[in-house]
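To start, the structure under review is shown below, and the notes come after it.
Residue numbers run from 1 in the order of the sequence given.
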Amino acid sequence: MATDWPGGYKTRRRQAIIVLDRMIATDILQTLFSVWLVVVIIIVSRKFIKVLEQAVEGQISNETLMKIFGLKTLVAGIEFLPAALFMAILMVLGRMYRDQEMSAISSAGGGSGTIYRAVFLVVFPLSMLAVGLSLYSSPWAEDRMEHLMSQDEQSSDVRGVAEGKFSEYSQGDLVFYVEKISDDKEMHSVFVQQKQGTDLGIINAESARLKDLSDGRYVVFKDGERVQGQPGRQDFIIEQFAEYGVRIEEREASIRFNRAAVKTEVLWHSPISHDQAELQRRISIPLGMLLLSFLAVPLAQISPRGGVYGNMMVGFLIYFSYGNLIRTSQAWIVKGTVSAGMGGFGVNFLMLLIGMVLLARLYGWQWLVVRIKEKVFKWAY
């Protein structure tokens, strides 16, 4: 493959964005959206199972459930942007090699710089967007999820009541049974058993409804009977009522600390190793997009008979190795084995070195040395 355009390329003024740039950029964006959507749906579906279990147990309300789903989708979408972009570039360039489009570009004088130009017209804006998403949007989403779940935990004693079945709360101390729930959320033929110490209270009512009043949330029962006493004794209290309200005590939410929800400004000024490792994880998302895209261009070269996915397995291996190295460096930072700067620099420098080796394999070491000298000379003068 030729490594540069003919002489006329440098002497004649070139358009800012040519047809080839638009074609490759459009294909990458379309493929990226498809791959990203599939990956995010799979990952969010797996993570959302635990949230659904909490909703079934009444720890999370139905209203909060969809909000958490949206926030988890945002977090997962940001986290897997590098993987989706890496696979999209491999798929698009691999198809171009298979269809001999790369040969046509080479015969017209286009080299590696031509392909990198078109690819990074997409990668640079996306990586800049990923900086804001990773450093600010993702922590906000994590913090919002923690807030919603803690808020629901405080008032979860009567959540998840379903018609036609017994629902247990407070470790079995509170049992609800509702025969029917109408469209306006009114419960009909209600049975409630509540244990308070050694006393047992039972309420049978024709209907009940949740009401939020100024001093808290209440369950208001209508037209029923209340029995309270200690099993084994005969001094039970039996009351008939037209309307009877029971205040739902707000439980103290368990204290959680999710470092992913901490603001980036706090992590930046924190000397704690765990905070530095979390900051490195956030920075690795946009940086990973740049490095993996740099690797994808030479890695996408395949033989015409190799198929679109000829080097996809190698790409998966590189991506998972990169992810594992990032997590390993974070563990070393937490343990104090390496500094935060050295941990992040070492992994990213290794990826850059692998990219150089792939380029040298594609064009030869002599070409790579000449290109580096040209860039250094250009920057120096």
Dump the intermediate steps for side-chain contact (heavy atoms from CB on, under 4.5 Å) on Phe191 and Ile202, then the final yes or no. CA-CA 7 Å; Phe191 168 84; Ile202 294 176; 3.4 Å; yes

Give the C-alpha distance, both sets of side-chain angles, the deciding distance and a yes or no for side-chain contact (heavy atoms from CB on, under 4.5 Å) between Glu239 and Arg226. CA-CA 5 Å; Glu239 298 176 332; Arg226 174 176 175 266; 2.9 Å; yes

Given Glu243 and Val220, is the side-chain contact (heavy atoms from CB on, under 4.5 Å) satisfied, shown in steps? CA-CA 7 Å; Glu243 187 173 274; Val220 179; 3.5 Å; yes

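The distance from atom OH of Tyr116 to atom CG of Leu121, rounded to the nearest 0.5 Å, is 14.5 Å. Atom CD of residue Gln194 and atom CG of residue Leu200 lie 9.5 Å apart, to the nearest 0.5 angstrom. To the nearest 0.5 Å, atoms OG (Ser284) and CG (Leu325) are separated by 11.5 Å. Rounding to the nearest 0.5 Å places CG of Leu350 at 11.0 Å from OG of Ser329. Here the CD1-CD distance, from Ile333 to Glu278, works out to 11.0 Å after rounding to the nearest 0.5 Å. In this structure, CG on Leu20 lies 7.0 Å from OG1 on Thr114, to the nearest 0.5 angstrom.
Residues satisfying the side chain to side chain donor-acceptor pair (under 3.5 Å) criterion with Gln240, sequence neighbours excluded, are Glu225. In this view, Phe33 and Leu37 satisfy the side chain to side chain contact (heavy atoms under 4.5 Å, CB included) rule, not counting sequence neighbours. For Phe241, the ring pair (Phe, Tyr, Trp, His ring centres under 6.0 Å) criterion is met by Tyr244, not counting sequence neighbours. When the side chain to side chain donor-acceptor pair (under 3.5 Å) test is applied to Asp223, no partner is found at least two apart in sequence or on another chain.
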Show every donor-acceptor pair shorter than 3.5 Å between a side-chain atom in residues 23-32 and any protein atom, with sequence neighbours excluded, or say none if there are none.
{"from": "Thr26", "atom 1": "OG1", "to": "Arg22", "atom 2": "O", "distance (Å)": "2.6"}
{"from": "Asp27", "atom 1": "OD2", "to": "Arg95", "atom 2": "NH2", "distance (Å)": "2.9"}
{"from": "Thr31", "atom 1": "OG1", "to": "Asp27", "atom 2": "O", "distance (Å)": "2.8"}

Under 3.5 Å, which donor-acceptor pairs do the side chains of residues 266-273 form with other protein atoms, sequence neighbours left out?
{"from": "Ser270", "atom 1": "OG", "to": "Ile272", "atom 2": "N", "distance (Å)": "3.2"}
{"from": "Ser270", "atom 1": "OG", "to": "Asp275", "atom 2": "OD2", "distance (Å)": "2.6"}
{"from": "Ser273", "atom 1": "OG", "to": "Val334", "atom 2": "O", "distance (Å)": "3.2"}

Identify every side-chain donor-acceptor pair in residues 133-144 under 3.5 Å, counting partners at least two apart or on other chains, and give the distances.
{"from": "Ser134", "atom 1": "OG", "to": "Arg282", "atom 2": "O", "distance (Å)": "2.6"}
{"from": "Glu142", "atom 1": "OE1", "to": "Asn258", "atom 2": "ND2", "distance (Å)": "3.1"}

For residues 70-94, dump all side-chain donor-acceptor pairs below 3.5 Å to protein atoms at least two apart in sequence or in another chain.
{"from": "Thr73", "atom 1": "OG1", "to": "Phe69", "atom 2": "O", "distance (Å)": "2.8"}

Output side-chain donor-acceptor pairs under 3.5 Å for residues 125-132, partner residues at least two apart or in another chain, one line each.
{"from": "Ser127", "atom 1": "OG", "to": "Val123", "atom 2": "O", "distance (Å)": "3.1"}
{"from": "Ser127", "atom 1": "OG", "to": "Phe124", "atom 2": "O", "distance (Å)": "2.8"}

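Listed by first and then second residue, the salt bridge (Lys or Arg N to Asp or Glu O under 4.0 Å) pairs involving residues 329-338 amount to none (not counting sequence neighbours). For residues 316-330, there are no salt bridge (Lys or Arg N to Asp or Glu O under 4.0 Å) pairs, not counting sequence neighbours.
In the hydrophobic cluster analysis, where Ile, Leu, Val, Met, Phe, Trp and Tyr join through side-chain heavy atoms closer than 4.5 angstrom, Met66 is grouped together with Ile41. Ile237 and Val227 fall into different hydrophobic clusters, where Ile, Leu, Val, Met, Phe, Trp and Tyr side chains are chained together by heavy-atom contacts under 4.5 Å. Cluster membership for Phe316 and Ile43, using ILVMFWY side-chain heavy atoms within less than 4.5 angstrom, is shared. Connection of Leu317 to Ile326 is not established within any shared hydrophobic cluster, with ILVMFWY side chains joined at heavy-atom distances below 4.5 Å, either directly or through further cluster members.
Annotation for Asp21 and Ala118: closest pair OD1-CB, 3.5 Å, computed over non-hydrogen atoms. Closest of all the heavy-atom pairs between Phe294 and Gly355 is CE2-CA, 3.6 Å. Closest non-hydrogen pair, Ser293 versus Phe120, comes out as CB-CZ, 4.1 Å.
For the pair Tyr322/Leu295, no side-chain contact is recorded, criterion being any heavy-atom separation below 4.5 Å from C-beta on.
For Ser182 (side chain) and Glu186 (main-chain N/O), a donor-acceptor pair under 3.5 Å exists by modelled atom type.
Other members of the cluster containing Val38 are Ile42, with ILVMFWY side chains joined at under 4.5 Å, either directly or via other members.
Looking at Lys222 and Glu206, no side-chain N of the basic residue comes within less than 4.0 Å of a carboxylate O on the acidic one, giving no salt bridge.
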